[in-house]
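Encoded as structure tokens, here's the structure I'll be asking about.
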Protein chains: 4
Amino acid sequence: MSHAALAPDTTPRRSRRKDARPGELLAAALSLFVEKGFAATTVEAVAARAGVSKGTLFLYFPSKVELFQAVVRENIVGRLSEWAQTIERHEGPQAPLLRELMHQWWQRIGMTEASGITKLVMSEAGQFPDIARFYQTEVIEPGQALIRLILRRGVASGEFRDLNPEHTTHGLFAPMLFLVMWKHSLGLCAPAQTQLDPSAFIDSQLQLLLHGLMPPSPHTP
Amino acid sequence: MSHAALAPDTTPRRSRRKDARPGELLAAALSLFVEKGFAATTVEAVAARAGVSKGTLFLYFPSKVELFQAVVRENIVGRLSEWAQTIERHEGPQAPLLRELMHQWWQRIGMTEASGITKLVMSEAGQFPDIARFYQTEVIEPGQALIRLILRRGVASGEFRDLNPEHTTHGLFAPMLFLVMWKHSLGLCAPAQTQLDPSAFIDSQLQLLLHGLMPPSPHTP
Amino acid sequence: MSHAALAPDTTPRRSRRKDARPGELLAAALSLFVEKGFAATTVEAVAARAGVSKGTLFLYFPSKVELFQAVVRENIVGRLSEWAQTIERHEGPQAPLLRELMHQWWQRIGMTEASGITKLVMSEAGQFPDIARFYQTEVIEPGQALIRLILRRGVASGEFRDLNPEHTTHGLFAPMLFLVMWKHSLGLCAPAQTQLDPSAFIDSQLQLLLHGLMPPSPHTP
Amino acid sequence: MSHAALAPDTTPRRSRRKDARPGELLAAALSLFVEKGFAATTVEAVAARAGVSKGTLFLYFPSKVELFQAVVRENIVGRLSEWAQTIERHEGPQAPLLRELMHQWWQRIGMTEASGITKLVMSEAGQFPDIARFYQTEVIEPGQALIRLILRRGVASGEFRDLNPEHTTHGLFAPMLFLVMWKHSLGLCAPAQTQLDPSAFIDSQLQLLLHGLMPPSPHTP
DNA sequence: GATGAATGAGTGTTCATTCAT
DNA sequence: AATGAATGAACACTCATTCAT
């Protein structure tokens, strides 16, 4: 309608929008799936939040299910590599590293919108086994591998006892999972006096776990 | 499978079925709710699995939500009152009681279909506030009250230290929640070597927690 | 179950109830149909109010429609014969008779539950043409005949002018119909200041009509 | 029936239909509501009569009740504002205005399908309080306000006596209500000789009312 | 005769999906 | 590529009617 071609803006509107579309749709879908779950999210609402029509959504994603799967895939990759580097570079005792990582997890994932992805995946995994497999492979297993690496190093240096590594790993995951689910479900309607201070909770759980990991104090007979 | 085919059909058609109906419907509802979640389960499917028509279901349960609540009462709330009695009657130190209760929980809820209900509630609480409040009121709060009672008794007798009761309660719940979510979502597709022995996991978590709860033993040099 | 046979009550319970059943059902149906209309009345509610089971109702009335028709028929007959006698016996001017009859109508029909029948018939007539015909034949036409008789007598004696009798008859019915419909529908939610004093309204309408019926005053040129 | 069969099908399939849809749906809804009443009319039947699917109806009207309200606005409320203008602009005596308006009412509402709406509301107001309140607010009260305005002006100019305005207003409505109920219920099966000429009936009722409203003429001996 | 458990065809309403434009 | 009008298969829930007991 206007003579926009004369303007210096050389990036053509159409094609830039075209490239951006899937991303805008995925972002809209992410926030709605997190907010309302899979069933209660309508494709119309996703399209509206992305500023396109319902038909356009189906141009990029052939069905609601495939949109959901694309959302999960899009938002899972590449979260762990940073921590992998931190761990690899770390020198000194492992306990402060564990403590640091768990608090970082809370700051960067647990307390942010990103924890909604975890909640989403856990909630809908039963209906979408391939999503569960995907998350298991791409997130859970690499995450557990990092933890096991720390534990192995601690055992090797004599800082930790040589306990069952599965139990310890899961024992470290359990409070994080608990916090995520609490935040996104029942915590929403828990009475005020049951409210939870997540950082303090992490601290207390870590203290228990680290104490359990420590070797029997040397001056015990 | 049995030789029953030769026997005349002795199942009474109407009057005697009436007593059995609610149970059949509750069983069908439990398995479908666990399998598909609340929103994705249709009352028609429940009725069909119970071998009756849709209308018949509404003869016994006035709505889908109340059917669900009946399922929860049947499978979970009932157990809580049993445990309340066990706790009330208990004499002696609290640590073995906690251990016993957590293993009973695993045997009677955690490892059964009923644990799917907890997963369902955590997953869909956001969309069905009625259900979330119901579960919070009828299950979570009474359950936490039982735990707090044990903790208080332990503190009173000097068996436990006087730690933050919220953290301890949540710390006891976290592994159970972890097991439930694990079993019903990601665990479904975890590789064999990551499989978890739930009883042993409960044991190890309890050991950590109980150790953390014990007062500094006076006779340690 | 009891030895009631020994008691002196010789009227057998069974048969007496049996004879009373249809009447109890009709009474229950009448009040519910008046209260809620045809569609919104359930046969279950009728049976419950009559103190019998749903199945029993269908023993006496083969369908909801036929129950409805029986209710209307049962409650229409024999209301007018009294007034017919009053009119026949009346001597003297007709105007006070009309006035007396309309106020009696309000006292005996309009303000009582009976006006619900009229409302019911008018409301459902479109769906039940034979009920409409029945009411027309059994109530409306005899009623109009009575009015026409009065008018004819008034004209014969010179008390009334010789106006179109259809218009006058309908003009006398219109305020009664208006009161009935007002009472049973919109009047229910009219604001307080629009409330209507039925007796005063009848008076004012009668005054207009009677004035219109009077012959031109003799001393007018 | 027409020669159109030879012409190519020029009815545009989608985009141009959109403008016509609401009107087609409203027309279908009007005739079905009048024919069967509110409760007995199904949205599916309305859609079918308009030649669209059930879902399409909900594209234009968010609920059955709002469809009904749109029908009322289209067919009745619109007329009221026309009359409001007529009344406002009117100069000279009020009596001919009243006469003109009542005849217009008969031509535009009373004798058309639209009068069935009034009958419907009176019949089903008890079961659908939303509809009753809506009609009361949007039709009855504005209509009465118009009548009261005319009466007030007539009293102010000395054309009318200062009678009870409620009774006079209701007295003017009563014959219209009578005609509507007559047309849509019992009149459907009244014998031929009882048939009513509505225009003449309106005339005669108006004459009575206007005569009653006139002040005692000062120059009568 | 009387019961009440059981049915199944409908209700209004929603929403993923299609397709002519 | 993008639209948005149109669809129709669900869904939870109701209720007149049936029929074995």
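Throughout, a chain's letter reflects where its sequence line sits, starting with A, and its residues are numbered from 1. These numbers come from the heavy atoms of this one structure, side chains and all, not from hydrogens, waters or symmetry mates.
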### Query
Just how far, in rounded Å, is P of F/dA16 from CZ of C/F61?
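Rounded to the whole Å, the gap is 15 Å.
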
### Message
For the aromatic rings, using the six-membered ring if either is Trp, is the centroid distance between D/F68 and D/F61 under 6.0 Å?
### Response
no

### Query
Between C/A28 and C/V46, what is the shortest heavy-atom contact and its length?
CB-O, 3.6 Å

### Message
Looking at A/Y60, I'd like to know whether one of its side-chain N or O atoms comes within less than 4.0 Å of OP1 or OP2 on F/dA1.
### Response
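The answer is no; no side-chain N or O of A/Y60 sits under 4.0 Å from OP1 or OP2.
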
### Task
Please report, rounded to the nearest Å, how far the C1' atom of F/dT14 is from the CG atom of B/L57.
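Computing the B/L57:CG to F/dT14:C1' distance gives 13 Å.
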
### Task
Take atom NZ of C/K36 and atom C1' of F/dA16, then tell me their distance rounded to the nearest Å.
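One finds 17 Å between C1' of F/dA16 and NZ of C/K36, rounded.
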
### Message
Looking at B/T41 and B/G37, would you say the former's side chain and the latter's main chain have a donor-acceptor pair under 3.5 Å?
### Response
yes

### Message
Please evaluate residues A/Y135 and B/S185 with respect to the criterion side-chain hydrogen bond (donor to acceptor under 3.5 Å, both in side chains), reporting the C-alpha separation (whole Å), side-chain torsions for both, the decisive distance (0.1 Å), and the verdict.
### Response
CA-CA 10 Å; A/Y135 196 76; B/S185 3; over 6 Å; no

### Query
B/T56 or D/V52: which one's nearest nucleotide on DNA chain F is closer to the 5' end?
D/V52

### Task
Would you mind telling me which residue lines up with the more 5' stretch of DNA chain F, C/A40 or D/G51, judged by nearest nucleotide?
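Its nearest nucleotide being more 5', the pick is D/G51.
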
### Task
Would you sort out whether B/E35 and B/R49 count as a salt bridge (Lys or Arg N to Asp or Glu O under 4.0 Å), showing the intermediate values?
CA-CA 13 Å; B/E35 194 178 309; B/R49 187 167 292 191; 3.4 Å; yes

### Task
Map every base of DNA chain F to its dot-bracket character, where paired means a Watson-Crick or G-U wobble contact with both distances under 3.5 Å and | marks a partner outside the strand.
.||||||||||||||||||||

### Query
E/dA2, F/dA6, E/dG8: which one has an atom nearest the side-chain heavy atoms of B/S53?
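Among E/dA2, F/dA6, E/dG8, the one nearest the side chain of B/S53 is E/dG8.
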
### Message
Between P on E/dT7 and CG on B/L25, what's the gap in Å once rounded to a whole number?
### Response
10 Å

### Message
Whole angstroms only, please: what is the CD-C1' distance between B/E66 and F/dT14?
### Response
16 Å

### Query
Yes or no on side-chain contact (heavy atoms from CB on, under 4.5 Å) for C/L25 and C/V52, after CA distance, side-chain angles and deciding distance?
CA-CA 9 Å; C/L25 283 162; C/V52 301; 3.8 Å; yes

### Gap between atoms CD and C1', on B/E24 and E/dA5 respectively (whole Å)
13 Å

What are the atom names and distances for every N/O pair under 3.5 Å that joins the protein to nucleotides 12-14 of chain E?
residue, atom, partner, partner atom, Å
E/dG12, OP1, D/T41, O, 3.2
E/dG12, OP1, D/K64, NZ, 3.0
E/dG12, OP2, D/V43, N, 3.2
E/dT13, OP2, D/K64, N, 2.7
E/dT13, O4, D/K54, NZ, 2.7

### Task
Find the distance C/L59:CG to E/dT3:P and express it as a whole number of Å.
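Atom-to-atom, C/L59 to E/dT3, this comes out as 9 Å.
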
### Message
Is there a side-chain contact between B/V34 and B/L120 in this structure, where contact means two heavy atoms from C-beta onward sitting under 4.5 Å apart?
### Response
no

### Query
For D/V71 and D/A29, which heavy atoms make the closest approach, and how far apart are they?
CG2-CB, 3.7 Å

### Message
Within a 6.0 Å radius of atom CD on D/E44, are there more than 12 heavy atoms belonging to other residues, nucleotides or ligands?
### Response
no

